[in-house]
Amino acid sequence: MSPAQMEGYLVYYYEYHFLYITGIEAVESKSIQNVGLLKLTFHPGTDMSQAMAQTVGYVDRARAFMPPGTVAPFIMRFDAGSVPSGISFFRVRRRASARFRTSR
């Protein structure tokens with residue numbers, strides 16, 4: 001099999017198993033430089049700790065159907081607590097900084 005065919009084969013098994021996770025809304029997959037990237041979207045109100053546990057369980061189950069030596073996936077949770085949601089910019093005026101100097 002070519003690398004692209006093998007990637008499709010592996011991603012298919014993950015997508016198939018992820019459809020059984022409680023609260024799943026969508027499963028999206030993308031190929032970037034022979035790497036399969038899967039994005040799981042959940043319905044609002046889903047218990048994310050339970051969803052993460054089920055995801056790990058279904059990953060293990062899907063790997064049982066894969067060839068020996070298949071590299072385990074990296075599972076990461078993206079939410080407001082783990083991804084930067086904003087950037088702050090600060091501007092300091094030179095006149096205002098003179099107020100903070102202490103004189104002896």
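All residue numbers refer to positions in the sequence shown, counting from 1.
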**Report entry** Reference residue Phe65; test ring pair (Phe, Tyr, Trp, His ring centres under 6.0 Å); the match among Tyr12, Tyr9, Tyr14, Tyr13
**Finding:**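 Filter result, single survivor: Tyr13.
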Pairwise distance [atom1]([X]) to [atom2]([Y]) - rounded to 0.5 angstrom:
X     : Y     : atom1 : atom2 : result
His17 : Arg61 : NE2   : CZ    : 5.0 Å
Gln50 : Thr22 : CD    : OG1   : 5.5 Å
Glu7  : Ser2  : CD    : OG    : 9.5 Å
Met52 : Thr46 : CE    : OG1   : 14.5 Å
Thr55 : Ile21 : OG1   : CD1   : 3.5 Å
Met48 : Gln54 : CE    : CD    : 10.5 Å

Requested in this report: Tell me whether Leu37 is reachable from Leu40 by hopping between hydrophobic residues (I, L, V, M, F, W, Y) whose side-chain heavy atoms are closer than 4.5 Å.
Outcome: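 No, it is not one cluster - the side chains of Leu40 and Leu37 are not joined through contacts under 4.5 Å.
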Query raised in the report: In terms of hydrophobic clustering (I, L, V, M, F, W, Y; side-chain heavy atoms under 4.5 Å; direct or indirect links), are Ile32 and Phe74 co-clustered?
Result: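 Result: no, two separate clusters.
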Do [X] and [Y] touch side chain to side chain, with heavy atoms closer than 4.5 Å?
X     : Y     : result
Glu28 : Thr41 : yes
Lys39 : Val27 : no
Val11 : Ser31 : no
Phe18 : Val59 : yes

Report task. Please identify each residue that fulfils side chain to side chain contact (heavy atoms under 4.5 Å, CB included) with Ser49, with sequence neighbours left out. Result ->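 If we apply the side chain to side chain contact (heavy atoms under 4.5 Å, CB included) test to Ser49, skipping adjacent residues, the hits are Asp47.
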